[in-house]
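Any value given below was found using the heavy atoms of this structure, including those in side chains, with hydrogens, waters and symmetry copies removed. Just so you know, ligand 1 is whichever comes first in the structure, and atom 1 is the first atom listed for that ligand.
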Amino acid sequence: MTTEHEAIIESARAAFAGAATPAELENAKAQFIGKSGRITELMKGLAALPVDEKKSRGAAINQAKQAIEAALGERRQALADAELEAQLEAEALDVSLPGRVREPGGLHPVSLTLERIEQIFASMGFAVADGPEIESDWHSFTSLNNPPNHPARSMQDTFYVDIDGDDGIPYNLRPHTSPMQVRYAHAHIKKYAEAVKRGEAMPEIRVIAPGRTYRVDSDATHSPMFHQCEGLWLGENVSFKDLKVVFTDFCRTFFESDDLALRFRPSFFPFTEPSAEIDIQFQSGPLAGRWLEVAGSGQVHPQVVRNMGLDPEKHIGFAFGMGPDRLTMLRYGVSDLRLFFDGDIRFLRQFR
Ligand code: DAH
């Protein structure tokens with residue numbers, strides 16, 4: 001190799017080193033071993049030389065060419081390595097970061113209570129019914145024997161709803177689930193009439209109706225939206241004693257406690273006579289000894305049975321209305337009802 005060859009190799013190395021991308025490198029290559037590159041031009045110049053010289057100069061040029069090709073190969077590899085490195089860095093995963101786990105969902109504590117109530121009453125032969133939350137004044141109050149100026153109708157605790165084209169019939173967000181007593185009877189009245197026509201005994205009505213209820217009321221133990229579960233058992237002669245047995249059984253099963261005490265305290269509801277409020281008392285645990293009100297109840301008033309379209313001499317039985325929210329608070333030891341309806345996941349996930 002001549003010094004000229006060495007100089008070409010040197011400038012090729014410098015040009016390759018200066019190429020920052022594969023495209024630039026290919027351009028640099030063309031200057032030396034491309035069609036009209038410097039080495040290629042030298043090769044072309046050999047043709048004019050005598051054979052001897054051709055051989056020795058040719059070999060030297062080839063050597064220079066190989067050195068340039070080797071430098072090119074090195075630079076190609078270096079650029080490819082750098083590109084891979086950059087890509088790996090860009091796509092790097094920090095495997096030490098905690099993962100984003102999809103946590104299993106769960107039922108709301110009040111839903112758990114409603115499921116439990118339905119299961120227990122289903123095991124005692126009760127059907128489960130569902131009804132509208134926007135209810136007519138007649139179903140909410142009149143059908144349940146509420147006198148026209150009864151305080152339960154008051155604007156202070158009932159949400160009234162304006163519905164266009166309702167012919168002036170007042171509607172409300174139902175303040176209790178009791179309208180379901182009359183609704184359920186009406187929904188099945190044809191079936192009952194047909195059974196009687198066939199000479200069969202009148203089928204019993206044995207149903208619970210859980211759902212949302214609404215009142216203008218809000219503090220630690222009252223929420224404007226809350227839950228109730230109505231119960232109704234009408235038969236030929238379903239007595240107050242049956243009410244005591246059914247409700248006592250329910251409470252003991254619900255709270256999984258055989259030594260739970262119940263107290264039926266005389267009370268008044270327009271739709272029952274006699275009426276009672278039901279209190280429970282735990283014998284152990286944090287609430288032991290205190291009487292806690294859980295439901296209203298009584299023997300269904302004859303006027304309510306008439307409003308169902310049934311004969312009060314033949315359809316006798318009890319009704320009750322309880323508060324599933326209250327039962328949930330007692331069961332889990334929650335002291336503020338509003339926690340159930342705030343939607344705070346930290347509270348709710350404890351019931352998962
Ligand atoms: N509806 C009543 C209330 O909201 C509760 C109630 C009391 C329901 C007595 C009944 C019953 O079925 O017999 O306060």
Side-chain angles (χ1 to χ4, degrees), residues 117 121 124 126-129 131-133 135-147 150-154 156-159 172-186 205-217 221-235 238-248 250-251 262-280 292-308 310 312 315-327 337:
I117 292 172
F121 278 102
M124 294 194 266
F126 282 74
V128 178
E133 289 169 30
E135 187 54 282
S136 72
D137 184 77
W138 188 83
H139 283 96
S140 288
F141 300 119
T142 312
S143 75
L144 295 166
N145 202 32
N146 271 284
H150 191 277
R153 296 182 186 243
S154 139
Q156 275 87 60
D157 52 25
T158 301
F159 288 108
N172 52 61
L173 299 182
R174 63 177 182 189
H176 54 178
T177 45
S178 300
M180 282 304 292
Q181 294 185 27
V182 178
R183 273 196 179 277
Y184 187 81
H186 282 173
I205 297 180
R206 204 189 307 180
V207 65
I208 59 164
R212 280 185 282 267
T213 46
Y214 303 85
R215 281 181 211 176
V216 184
D217 213 350
T221 52
H222 297 88
S223 146
M225 188 287 295
F226 59 107
H227 295 84
Q228 280 199 345
C229 180
E230 198 73 11
L232 175 68
W233 187 349
L234 291 182
V238 179
S239 70
F240 204 94
K241 184 188 76 185
D242 297 310
L243 165 65
K244 283 185 125 177
V245 169
V246 164
F247 211 83
T248 303
F250 163 72
C251 287
L262 273 83
R263 175 169 84 175
F264 288 72
R265 199 159 29 82
S267 184
F268 172 79
F269 299 101
F271 34 92
T272 43
E273 180 58 35
S275 304
E277 264 162 289
I278 308 176
D279 302 333
I280 61 170
L292 307 153
E293 187 190 322
V294 291
S297 66
Q299 287 292 100
V300 180
H301 194 286
Q303 186 54 43
V304 176
V305 178
R306 257 178 241 120
N307 291 339
M308 291 173 180
L310 299 170
H315 304 99
I316 293 167
F318 65 77
F320 60 81
M322 62 177 156
D325 306 327
R326 190 78 202 285
L327 295 183
L337 175 74

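In this structure a side-chain-to-backbone donor-acceptor pair under 3.5 Å is missing from Asn145 to Val304.
Ser223 pairs by the side chain to side chain donor-acceptor pair (under 3.5 Å) definition with nothing, not counting sequence neighbours. For Glu273, there are no side chain to side chain donor-acceptor pair (under 3.5 Å) partners two or more places apart in sequence or in a different chain. In this view, His227 and Asp325 satisfy the side chain to side chain donor-acceptor pair (under 3.5 Å) rule, not counting sequence neighbours.
Side-chain atoms of Glu230 and Ser178 form a donor-acceptor pair, as typed in the model, at a separation below 3.5 Å.
With respect to the salt-bridge test (charged N to carboxylate O, under 4.0 angstrom), the residues Glu293 and Arg326 do not qualify.
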What are the distances between nitrogen or oxygen atoms of ligand 1 and protein nitrogen or oxygen atoms, counting only those under 3.5 Å?
| residue | atom | partner | partner atom | Å |
| --- | --- | --- | --- | --- |
| ligand 1 | 1 (N) | His176 | ND1 | 2.9 |
| ligand 1 | 1 (N) | Ser178 | OG | 2.9 |
| ligand 1 | 4 (O) | Arg215 | NH2 | 2.8 |
| ligand 1 | 4 (O) | Gln228 | NE2 | 2.9 |
| ligand 1 | 12 (O) | Gln181 | NE2 | 3.1 |
| ligand 1 | 12 (O) | Glu230 | OE2 | 2.6 |
| ligand 1 | 12 (O) | Phe320 | N | 3.3 |
| ligand 1 | 12 (O) | Phe320 | O | 3.3 |
| ligand 1 | 13 (O) | Ala319 | O | 3.2 |

